[in-house]
Amino acid sequence: MMRKYLSFFRLRFSMGLQYRAAALAGVVTQFAWGFMEIMIFRAFYQAEPEAFPMSMSATASYIWLQQAFFAFFTAWMMDNEIFDSIVNGDIAYELCRPVNIYSMWFARNMANRMARAVLRCFPILAVAVFVPQPYGLGAPADGIHFLLFLFTMSMGLVMTVSFCMLIYVLAFFTISPQGLRVAFTSTVEFFAGAIVPLPFLPDGVRKVLEFLPFASMQNVPLRIYSGSMDGEAMGSAVFLQLFWVITITVMGRGLCRLAERQVTVQGG
Amino acid sequence: MITMEHVSKSYKIAKRKAGFGEACKALFHRQYEIVHALHDVSFTIEDGEMVGYIGPNGAGKSSTIKILSGILTPDEGTVLVDGRVPYKNRIQHVSQIGVVFGQRSQLWWDVPVIDSFELLKDIYQIPDMQYNQSLEELTELLDLQELVRSPARQLSLGQRMRCEIAASLLHRPKILFLDEPTIGLDAVSKLAVRDFILRQNKIHRTTVILTTHDMQDIQALAGRIILIGKGRILMDGSLEDIKKGNKDIDKTVAELYRSYDI
């Protein structure tokens with residue numbers, strides 16, 4: 001049963017690897033963005049290092065990893081073809097195949113994001129390691145942190161994809177998905193810690209945001225790496241992440257089944 | 001065997017009058033109109049039959065095909081295809097049918113056609129032997145040797161349509177739904193597609209249900225014709241029933257549409 005989704009994943013992944021020029025442009029953008037962010041944080045840090053909730057080197061590692069694995073965590077990087085197929089009715093063909101729509105789109109999004117990340121992460125990581133400390137990518141806090149980083153990063157990817165799936169599925173119920181998409185993705189960017197790492201926010205806000213599913217996307221893995229998240233907080237963050245991954249995926253699947261039943265395929 | 005009994009389907013469509021004022025009003029208060037796409041539709045199609053399903057634009061042809069292929073759920077009525085209720089267990093149902101929508105593409109745009117075929121093999125879980133046989137047969141009959149290695153985006157419409165038809169037959173479905181398969185094709189491609197459909201029906205006894213606006217398609221392919229208009233079945237009979245000795249089939253059908261006021 002899994003095989004059809006795996007072959008679909010393979011096809012999309014190899015398709016994603018074709019776009020070399022786009023990848024090069026992506027790497028350049030990510031570098032520029034990373035440097036800019038680090039300059040800003042450096043200015044703050046030099047003004048008052050004691051007020052910093054994360055060390056400068058932990059912040060720098062956070063930013064570099066975020067830029068290197070941009071495709072894993074960025075909620076707005078959605079698949080336009082999926083929205084198009086819902087809007088113009090090409091979804092009819094997908095519904096005519098013996099596949100579960102949710103699983104198929106899930107595989108497709110995982111493949112797209114992984115192909116992008118594979119092309120972009122290595123040059124960024126390679127350069128970021130050689131940027132002088134504390135502004136470069138530092139070593140992980142220790143072995144356990146590194147393993148947990150790898151695990152929570154993959155779960156963070158699943159979380160991001162599951163979240164996007166919710167939005168694709170909701171698009172079945174509206175005629176145009178644009179409004180939904182803009183509203184959701186801009187909220188997520190802030191709530192996830194993509195603009196400012198969550199520890200930099202006021203305590204009350206931070207506590208609420210850390211509990212929400214969005215924090216499980218990038219906040220958890222990127223902070224575990226540098227040891228900015230540690231001990232008990234780390235343990236509960238990992239469990240909370242698993243809880244949200246399962247909840248959002250189950251919700252998405254249920255909603256998708258409902259949508260399939262009520263769907264109106266648009267166009268003649 | 002396909003049976004549809006008293007099937008109805010309606011859509012809700014948001015409507016408003018022209019103009020900016022009306023657009024603002026629609027922000028707060030939407031007016032909907034119910035469109036009856038199908039109204040009490042019943043017919044039976046036996047195994048191995050070839051049926052032409054005709055009617056003007058918006059008559060309900062595509063809605064019928066979508067219901068039979070499990071994509072749409074009817075509001076009322078019963079639908080049975082080889083003992084299955086299409087919309088109840090979609091995945092099981094669609095693995096036994098083939099569908100071609102002439103206005104859409106099922107091939108993956110950026111990869112060679114053969115990659116799409118290979119993926120369909122895994123999706124339909126076709127055994128290697130059967131896949132190789134089907135592929136060989138389809139390649140020969142539809143003349144695909146040169147085409148399958150090129151990406152779908154670089155094929156002409158006629159070439160692509162031949163590949164689309166092959167793609168929907170790889171898993172050897174017993175029933176084939178063709179929704180305007182010859183739309184936009186040149187004369188040569190049309191003939192090739194018609195020939196192939198005829199052979200498929202003769203050799204494999206595939207049941208074929210075909211919607212089209214091209215009366216030559218109907219003349220060449222369909223022994224039986226179902227005429228639908230405004231969501232109702234108006235006529236169910238042979239080509240001769242429609243022609244009644246008249247020579248020009250296009251004119252006859254136009255007259256028929258007019259006489260039913262559809």
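Labels below follow one simple rule: chain letters A, B, ... track the order of the sequence lines, proteins then strands, and each chain is numbered from 1.
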Original post:
What residues of residues 158-171 of chain B sit under 4.5 Å from chain A when you count only heavy atoms?
Top reply: B/Glu164
Where on [X] is there a heavy atom nearer than 4.5 Å to chain A: the side chain, the backbone, both, or neither?
| X | value |
| --- | --- |
| B/Ile65 | neither |
| B/Val99 | both |
| B/Tyr87 | neither |

Original post:
With sequence neighbours excluded, what pairs up with A/Glu189 under the side chain to side chain donor-acceptor pair (under 3.5 Å) test?
Top reply: none
Subject >> Pairing residues for B/Asp110 by the side chain to side chain donor-acceptor pair (under 3.5 Å) criterion, not counting sequence neighbours >> reply: A/Tyr19, B/Arg153
**OP:** Report the relative orientation of the aromatic rings in A/Phe149 and A/Tyr225; use parallel for angles under 30°, tilted for 30 to 60°, perpendicular for over 60°.
**Re:** perpendicular
Original post:
Does B/Val100 offer a backbone N or O that forms a donor-acceptor pair with the side chain of B/Gln106 under 3.5 Å?
Top reply: no
Original post:
Judged by atom type as modelled, is there a donor-acceptor pair below 3.5 Å linking the side chain of A/Arg113 to the main-chain atoms of A/Thr74?
Top reply: yes
Subject >> Centroid separation A/Trp244 to A/Phe239 less than 6.0 Å >> reply: no
Original post:
In terms of heavy-atom proximity below 4.5 Å to chain B, should A/Gln18 be classed as side chain, backbone, both, or neither?
Top reply: side chain
Original post:
Does A/Phe69 have any ring pair (Phe, Tyr, Trp, His ring centres under 6.0 Å) partners at least two apart in sequence or in another chain, and if so, which?
Top reply: A/Phe72
